[in-house]
Amino acid sequence: MYSIKMRANNNSKHISGAETMCQFCEIESTVKRYLKKAFYHENGDIDFINFKIEKITQPIQTLSSLVIYQKENENIRSLAYKNNIKDIAIEKALKYIKSETIYRGAIILCAESGERLDTSEYRGIRVTNFSFKNQNNSSILNERVQDALAIATCINSHESVKGELCVSDDLNYTTGYFASNLLGYNRIFNIKNKNTRQGGRVIFVDRSIDIEKYIEFLENKPKLVVY
Ligand code: COA
C-alpha cells in the first residue's frame with residue numbers, strides 16, 4: 001500500500017489538502033483526482049501544489065466508522081453535556097474556532113476545565129496517515145463527509161476522548177459536526193456564516209490521557225476507517 005498526500009497553497013496560504021492510502025495501481029487515478037481538487041477549490045486559485053507518495057511500511061490499524069446522524073437545530077451544548085464536557089470547555093473551544101488565527105490542526109482541551117493540553121501553539125495537531133473505505137458504497141457520503149468522518153473516527157477512537165467539535169474553514173461550507181464515541185457523528189447545519197475562513201477543530205479529553213501517545217497515533221499510525 002502507498003500513502004498519497006496533496007496540499008495546495010496560494011501565497012503560502014493553505015487552500016486545500018487531501019490524503020488516502022491505496023494500491024500501486026490506484027496511484028495515477030488518485031493523483032489525477034487530487035489535481036482536480038487542488039485546481040478547482042472554492043477557497044480560490046493556487047500557485048503551489050505538493051504531492052507526497054510513500055510506501056507504507058508500518059501495519060495499518062482498522063477502525064469502524066462512527067455512525068452519522070443529522071437533525072435540524074442540533075445543539076452543541078446538549079451534545080457536549082451528554083458526554084460530560086463542561087460549558088467552560090465549550091466556551092473555550094468556540095473562542096479558538098472563532099479566533100482570527102487559523103490553526104493548521106486541532107486544539108486539545110481538558111473536557112472538565114477547558115485548559116489547553118497540547119503544546120503545539122499556532123500549529124495544532126493534525127490527523128494524518130489515514131484512508132476511508134466506503135464498504136457499502138453508501139451514496140450519502142460525498143468526499144468531504146468521508147474525509148471528516150474518517151478524521152472524527154480516528155480522533156474519537158481513544159477511550160479518554162469525550163468528543164470533538166469541528167467547523168470547516170472552507171469559505172462557504174457551513175455544516176459542522178460534533179462527534180463522540182458515545183453519540184456518533186452529528187452534523188450541525190448553519191454552524192457558521194457563509195463567506196468566511198473562520199473554523200477549527202477541538203478535541204475534548206480526560207486529563208488522564210497519555211497525550212504524547214495519543215498525538216503519535218493521530219499523526220503517524222496508518223489508519224483505515226471502514227464505513
Ligand atoms: N491545514 C493547514 N495547513 C496545512 C495542512 C492543513 N490541513 N496540512 C499541511 N499544512 C501546511 C502546514 O503549513 C504544514 O506545516 P506544519 O507541519 O508546520 O503545520 C505544511 O503544510 C507541511 O505539512 P505536512 O504535514 O508535511 O504535509 P503533508 O504533505 O504530509 O500532508 C495533508 C498534507 C494536507 C494531506 C495533511 O496535512 C492533512 O491535513 N491531512 C488530513 C486532513 C485532510 O485531508 N484534510 C482535507 C479536508 S478535511
Side-chain angles (χ1 to χ4, degrees), residues 1-22 27 30-31 33-44 46-58 60 63 65-66 68 96-97 99-108 118-134 141-157 164-177 179 185 187-188 191-192 197-203 215-225 227:
M1 294 287 278
Y2 290 81
S3 154
I4 306 188
K5 296 180 180 139
M6 175 283 287
R7 61 187 168 86
N9 292 350
N10 192 21
N11 248 327
S12 304
K13 193 171 153 200
H14 183 77
I15 295 289
S16 82
E19 69 172 90
T20 192
M21 299 184 293
C22 67
I27 293 177
T30 306
V31 168
R33 192 156 49 84
Y34 286 174
L35 266 178
K36 221 170 165 185
K37 178 170 180 178
F39 278 108
Y40 300 99
H41 201 280
E42 62 168 318
N43 289 339
I46 56 170
D47 59 14
F48 170 89
I49 181 164
N50 184 81
F51 275 96
K52 198 189 260 180
I53 303 175
E54 294 166 292
K55 193 160 187 174
I56 298 166
T57 51
Q58 275 191 63
I60 298 172
L63 301 168
S65 167
L66 293 172
I68 300 187
Y96 278 112
I97 287 170
S99 83
E100 290 297 304
T101 310
I102 297 186
Y103 294 88
R104 279 120 61 201
I107 305 296
I108 303 181
D118 71 284
T119 54
S120 66
E121 299 192 352
Y122 294 119
R123 179 180 184 271
I125 306 300
R126 279 197 299 279
V127 181
T128 185
N129 290 307
F130 65 84
S131 181
F132 186 86
K133 190 172 172 193
N134 185 359
L141 295 174
N142 60 31
E143 200 171 314
R144 190 196 293 269
V145 177
Q146 291 191 16
D147 283 342
L149 193 53
I151 293 171
T153 301
C154 296
I155 285 176
N156 287 284
S157 65
E164 173 208 358
L165 178 64
C166 178
V167 179
S168 170
D169 62 7
D170 282 354
L171 208 52
N172 292 309
Y173 190 67
T174 60
T175 305
Y177 69 82
Y185 177 102
R187 303 186 80 197
I188 304 175
I191 201 166
K192 73 169 192 181
R197 294 270 333 245
Q198 222 172 45
R201 176 175 268 121
V202 176
I203 306 172
I215 292 171
E216 166 68 21
F217 165 77
L218 294 179
E219 292 187 336
N220 295 324
K221 178 83 187 162
K223 301 164 282 289
L224 172 64
V225 176
Y227 182 82

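For ligands, and for the atoms within them, numbers begin at 1 and follow the listed sequence.
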Short question: side chain of Asn10, backbone of Lys13 - any donor-acceptor pair under 3.5 Å? no

Considering all heavy atoms, the nearest Arg201-Cys166 contact: NH2-SG, 3.5 Å

Per the under 4.0 Å non-hydrogen criterion, ligand 1 touches Lys5, Met6, Arg7, His14, Gly17, Ala18, Glu19, Asn50, Lys52, Arg104, Arg123, Arg126, Val127, Phe130, Ile151

Tell me if the NZ atom of Lys221 is crowded by more than 12 foreign heavy atoms within 6.0 Å. yes

Anything under 30° is parallel, anything over 60° is perpendicular, the rest tilted; go ahead and classify Tyr96 against Tyr103. perpendicular

Ring pair (Phe, Tyr, Trp, His ring centres under 6.0 Å) involving Phe132 - partner list, sequence neighbours excluded: none

Check this for me: Gln58, atom CD, are more than 12 non-hydrogen atoms of other residues, nucleotides or ligands nearer than 6.0 Å? yes

